[in-house]
Structure formats: C-alpha cells, structure tokens
Protein chains: 2
Amino acid sequence: MKFEEAKSKFIQTWGALGSQWGINKTMAQIHALLMISPDPLSMEDIMEELHISRGNTSMNLRSLMDWGIVFKEYKPGERKEFFSAEGNIDELARKIAKERSRREIKPTLRVLHDISAIDGDESTKAAHFKAKTEELYDFVSRADNMLEKITEQKENWITKTILKLMR
Amino acid sequence: MKFEEAKSKFIQTWGALGSQWGINKTMAQIHALLMISPDPLSMEDIMEELHISRGNTSMNLRSLMDWGIVFKEYKPGERKEFFSAEGNIDELARKIAKERSRREIKPTLRVLHDISAIDGDESTKAAHFKAKTEELYDFVSRADNMLEKITEQKENWITKTILKLMR
DNA sequence: TCGAACTTTCAAAATATTTTGAAACATTTA
DNA sequence: TAAATGTTTCAAAATATTTTGAAAGTTCGA
C-alpha cells in the first residue's frame, strides 16, 4: 500500500470509529490527521486535506480542544494558529475516559440515584423498578470507579492493569 | 417523585445515554422499558408505552436480540410473542463489551495492521505515520485484551477487577 | 485608528438517520 | 384452505445532525 492511500484509509477508519462512539465524523478525522502529522497544521492545511469548510474546521477544532486532546500552537513569526494532537496515546485515552465519565456517566448516576427514591408506591412494579435502578446505580458507580482507578495510573496504565489482572 | 415520573425519566435518560454511545435512542428506550418491567412485554405493550410505530418496534427488537440482550419468549396459550431483557447487569455489560469488541475494535485493528505496512516511502511523513499507526495498533490491541481479561471472569467481574487493582 | 490577516459564529442548506405505516409475509386455527 | 392473528419489510416522510459560507468578530502592526 502507498502512503497516500494508507493515510486516507486511516482517516476514514478513525472517522467511522468516531461516529460509532457518538463523536462526529469530521472531529475524529481532524484528530486522525493531526495525529499522523509530524508537524502542527494550520486551519488551511486541515481544510484542504479533508475538503471541509472553514466553519466546520473551526467548530470541530474547538471541540477537540475542549476535550483537551488537541492544542493550539503559535509559530514564531507566523500570524496563523497551528494545531497539534496529544502525542501520547496513553494520555489521549486517559483524557477521553475522564471526559466521558464527567459528561455522561456522572450525570447518569445522578439521575439513577434520584429516581430510585420513589415514594408511596407499594406495587410490585414500583418495587421491581426501585430494585433495578438501585442495582444499576451500584453497577455503574463501580464501573466508573474502576475506570478512575485504571486511568489514574499515569504511565502505561494499560500494561500495568493487565499485569495486575494476571497475578 | 412518583413512579410514573421516575419511570419516564429513566427511559429518557437511558435513551439519551444510548445516543451518546452510538446506539439509537429507541433501541435504548425499549431496552430500558424491558429492564424495569417485572414481566415480559408484547410488541403492543411496547408500542403503546413508548408511542412508537409497529415497524420501529419490530426493527429495534430485532437489533436488541442480535446484541443478545433481549429475548423472545412464548407464553403458553398466547399467540403473541413476548420480550424480556437480560436481567443480570454484569452479564448485560459483558455482552455489550464483547459485541462492541467484535464489531468495532477487531475491524479497526485489522485496518491499523494493514496500513502500517506501507512500502517504498522513506519520507519523514511516512516514517511518522508508520510509527503512529503501529503504536496505535499496539495500544488498541492491549486495551482489547484487557477488556477480554476483565469480562471473561463470569461472576461479578467489576468487583473482582477492583479488588485486583487495589492489591 | 485603520486595514489586513485571520478566526468564530450561526442561519440556512445539505446530508444522514430514524420513524412511520401499509403491504407482504408467516403461522395458527377453524 | 381461508380467515384470523401476528410479524417483518422497506420506500417515503419526518426528524436530527452536520456542514457550509458569508458576515461579524478579533488581533496585530503601522
């Protein structure tokens, strides 16, 4: 396979993976592009490479920066802004895990907690509901905890975790 | 909070969580409904409760069954089919993890492997690309492995894993 | 303070996904 | 075998999401 072909395939694949995980395709593609670029890219570079509009590029770069996985850089003498991706993959995964926990798991836990406190209903249905939501709360908070434990090990968390699991 | 309100909130929340993870809203809502229902429900029941069409219900029930987290049941003497959700949450999470690995991670690994085998290009860009995709392959396959290790412990895997991590 | 260079915003357009509903299909019973 | 009961399919409609592009905003240097 030739470089250009491989590059395009990578960007497409990363984009598709993104959509499957609730991240918009372009955002994932920009990230892919920045990841494999040895040097920071300007907005123009990205627009050109991915054939997307200026507005789209701008918005998605902002999102990526909100996630903390893409950074703005300034080159001396250049007026333009340049962008680069988090280079360390462990760190990338840790940040994504943290953000998803904060944005999705924590709020869900809150709702689960609130709704399992239903009052004044002794029906079988209500009892079953209460039991289920409590069980779910318990499970999700344990899972979230596990994720925290795993990702708080800064260096090489994947490897460390595997080692611990094999003991 | 009253039962009906809590129930509706739960279904909405579960649906929203689903979308954020690339699962369609209705599919997640049907699953939520079945989870909190003490007894299996018929297609009619589901349609009525969620105010959705027959076709939509049918298609999403099929998907849920493909994922192995909802089952068809037959009640003696009844012509209709009834549906119920996997009741064990550990088991539910294991099945989801397995399916996502099979459907998304494995194919991605395949692509990563293929594209890091680019030939005849000695440029810095190509070298960087190769290094990055290899690193990614390595990371993703370790993560996938870890997930397998964690979920292959049938009973209470979350708890077991946390214990091991704390040692 | 002005104008050039660049970025952000956001309403409208394009695109993608989901949902509907009715016809086709399947199965059971009389 | 026909009617009754129930399920699936899928093209079209509805809805939701993404993308565009041009105007507004920002920053910097002269």
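Lettering of chains follows the sequences in order, A, B, ..., and the numbering in each one begins at 1. Since this is a predicted model, take the numbers as computed values, not measurements.
Rounding to whole angstrom units, CD of residue A:Glu44 and P of C:dT7 are separated by 7 Å. The distance from atom CD1 of B:Ile46 to atom P of D:dT8 is 11 Å, rounded to the nearest whole Å. Rounded to a whole Å, the CG atom of A:Asn56 is 16 Å from the P atom of C:dC10. B:Lys25 has its NZ atom 10 Å from the P atom of C:dT18, to the nearest Å. A straight line from CG of B:Asn24 to C1' of D:dA16 spans 12 Å, rounded to a whole angstrom. Distance CE (B:Met59) to P (C:dT20): 12 Å, rounded to an integer number of Å. Atom P of nucleotide D:dT19 and atom CG of A:Leu61 are separated by 13 Å, given to the nearest angstrom. If you take CZ of A:Arg54 and P of D:dA23, they are 14 Å apart, rounded to a whole angstrom.
Residue-to-nucleotide contacts include a donor-acceptor pair under 3.5 Å from the side chain of A:Arg79 to the base of D:dT27.
Among the nucleotides D:dT8, C:dT19, D:dG6, the one closest to any side-chain atom of B:Lys80 is D:dG6.
Between A:Met27 and B:Arg62, it is B:Arg62 whose nearest contact on DNA chain D lies nearer the 5' terminus.
A donor and an acceptor atom, one from each side chain of B:Ser141 and B:Asp144, are nowhere located under 3.5 Å apart.
The shortest distance between the side-chain N/O atoms of B:Thr26 and the OP1/OP2 oxygens of C:dT19 is below 4.0 Å.
Relative to the six-membered ring of A:Trp67, A:Arg103 meets both conditions, a distance below 6.0 Å and an angle of at most 45° to the axis. Under the 6.0 Å distance and 45° angle rule, B:Arg100 does not count as a cation-pi partner of B:Trp21.
A donor-acceptor contact shorter than 3.5 Å is absent between the side chain of B:Asp138 and the backbone of B:Glu135.
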